[in-house]
Amino acid sequence: MPAPSPTAKLAESTGQGGIVLTINSVARDSGGFVTVAGQLKNPGAENFVDTSGWVGTEKDVLASGDSVAGATLIDKVGKKRYYVLRDTGGKCLCTMGIVGVKAGQTIPFFAQFPAPPNGTQQVDFQLPTFPTMTVPVSG
């Protein structure tokens, strides 16, 4: 998967510990999936170590460890919530191994979801500890 362009900024919000979440792309692919890609940045002077909230509270995603498995997409028009896809081992199709964000560090992330219907042009992206962001779906 090509890396998202860091200059394309669809949405941005600041969450717990001052971490800045930027969404660079929300792309629909031909396989019936939507991939959200972006960055998590720590603009502060202190290391951020509490990423446990990003995993979410679903027991099924615990196999993903330190990750963004708690992310969801909401199609307000279709009244559906989409959860991060998982592989046959129960691990998320998302960035894993995020044990912290050092001061000044930027970490790329992605999360893959089932695609909402083709007519859906925007969705709400939610990652625990961050405000909800409305983003356009391309493709």
Side-chain angles (χ1 to χ4, degrees):
M1 168 173 51
S5 168
T7 57
K9 190 184 295 185
L10 301 180
E12 188 171 83
S13 70
T14 302
Q16 176 184 353
I19 300 297
V20 177
L21 168 66
T22 303
I23 297 179
N24 301 114
S25 67
V26 181
R28 191 184 297 269
D29 71 23
S30 59
F33 307 110
V34 165
T35 301
V36 176
Q39 305 168 43
L40 292 156
K41 181 177 183 174
N42 181 353
E46 300 286 324
N47 291 345
F48 180 77
V49 295
D50 186 14
T51 62
S52 61
W54 301 347
V55 177
T57 57
E58 254 188 289
K59 288 181 182 177
D60 292 344
V61 297
L62 296 179
S64 300
D66 296 313
S67 67
V68 293
T72 59
L73 287 183
I74 298 172
D75 172 5
K76 289 191 284 192
V77 175
K79 296 182 170 89
K80 286 191 177 184
R81 179 184 303 262
Y82 298 91
Y83 293 90
V84 175
L85 292 168
R86 294 167 187 89
D87 66 14
T88 55
K91 293 185 177 172
C92 71
L93 297 181
C94 68
T95 301
M96 294 185 286
I98 304 174
V99 293
V101 187
K102 294 178 183 169
Q105 183 181 27
T106 300
I107 297 175
F109 82 92
F110 82 95
Q112 195 168 44
F113 301 88
N118 285 332
T120 303
Q121 296 181 0
Q122 67 180 20
V123 291
D124 284 352
F125 178 80
Q126 294 181 324
L127 181 62
T129 76
F130 290 91
T132 300
M133 295 180 280
T134 301
V135 291
V137 179
S138 65

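Not measured: the values here are computed from a predicted model.
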Check: Ile19 main-chain N/O paired with Thr14 side-chain donor or acceptor under 3.5 Å: no
For Phe110, is there any backbone N or O sitting under 3.5 Å from a side-chain donor or acceptor partner on Thr95? yes
When you compare the side chain of Pro117 with that of Val77, does any pair of heavy atoms fall below 4.5 Å? no
Side chain to side chain contact (heavy atoms under 4.5 Å, CB included), that's the test. Do Val68 and Leu40 meet it? Break it down for me. CA-CA 10 Å; Val68 293; Leu40 292 156; 4.3 Å; yes
With clusters defined by side-chain heavy atoms of hydrophobic residues (ILVMFWY) lying less than 4.5 Å apart, directly or transitively, does Ile107 cluster with Val36? yes
Can you say whether the rings of Phe130 and Trp54 are parallel (under 30°), tilted (30 to 60°) or perpendicular (over 60°)? tilted
Leu73 and Phe125: CA distance, side-chain angles, deciding distance, side chain to side chain contact (heavy atoms under 4.5 Å, CB included) verdict: CA-CA 5 Å; Leu73 287 183; Phe125 178 80; 3.8 Å; yes
Nearest heavy-atom neighbours spanning Gly100 and Gln105: O-OE1, 4.2 Å
Return the minimal non-hydrogen interatomic distance between Pro128 and Gly53, and the atom names on each side. CB-O, 3.0 Å
Side-chain donor/acceptor of Thr51 to backbone N/O of Ile98, under 3.5 Å: yes
Out of curiosity, Ile74 CD1 to Arg81 CZ, how far, rounded to the nearest 0.5 Å? 4.0 Å
Could you pull out the closest heavy-atom pair between Val101 and Lys41, with the gap in Å? CG1-C, 4.4 Å
I need the Gln16 CD to Leu21 CG distance, nearest 0.5 Å. 13.0 Å
Would a single hydrophobic cluster contain both Phe113 and Phe33, if residues Ile, Leu, Val, Met, Phe, Trp and Tyr are joined by side-chain heavy-atom contacts under 4.5 Å? no
Just verifying a value: how many Å separate Arg86 CZ and Thr88 OG1, rounded to the nearest 0.5 Å? 13.0 Å
Does atom CD (Gln121) have a neighbourhood of more than 12 heavy atoms from anything else shown, all under 6.0 Å? no
Please answer: with hydrophobic residues joined when any side-chain heavy atoms are less than 4.5 Å apart, are Tyr82 and Val137 in the same cluster? yes
What I'd like to find out is whether the side chain of Pro136 reaches to under 4.5 Å of the side chain of Val26, using heavy atoms alone. no
Kindly say whether Ala27 contributes a backbone atom to a donor-acceptor pair with the side chain of Ser25 at under 3.5 angstrom? no
Nearest heavy-atom approach of Arg28 to Pro116 is NH1-O, 2.6 Å
For Lys80, check salt bridge (Lys or Arg N to Asp or Glu O under 4.0 Å) against everything at least two apart and list the hits. none
Of all the heavy-atom pairs spanning Pro43 and Gly18, show the shortest one and how long it is. CD-O, 3.4 Å
Are Val135 and Val84 linked, directly or through other ILVMFWY residues, by side chains that come within less than 4.5 angstrom of each other? yes
For Gly104, does its backbone N or O pair with a side-chain atom of Asn42 as donor and acceptor, under 3.5 Å? no
For Ala103 against Asn47, the heavy-atom pair lying closest together: N-OD1, 2.8 Å
Just by distance, do the side chain of Asn24 and the backbone of Ala8 share a donor-acceptor pair under 3.5 Å? yes
Polar contact flag, side-chain donor to acceptor under 3.5 angstrom, Gln126-Thr72: yes
Please report the interatomic distance CG(Leu127) to CE(Met133), rounded to the nearest 0.5 Å. 7.5 Å
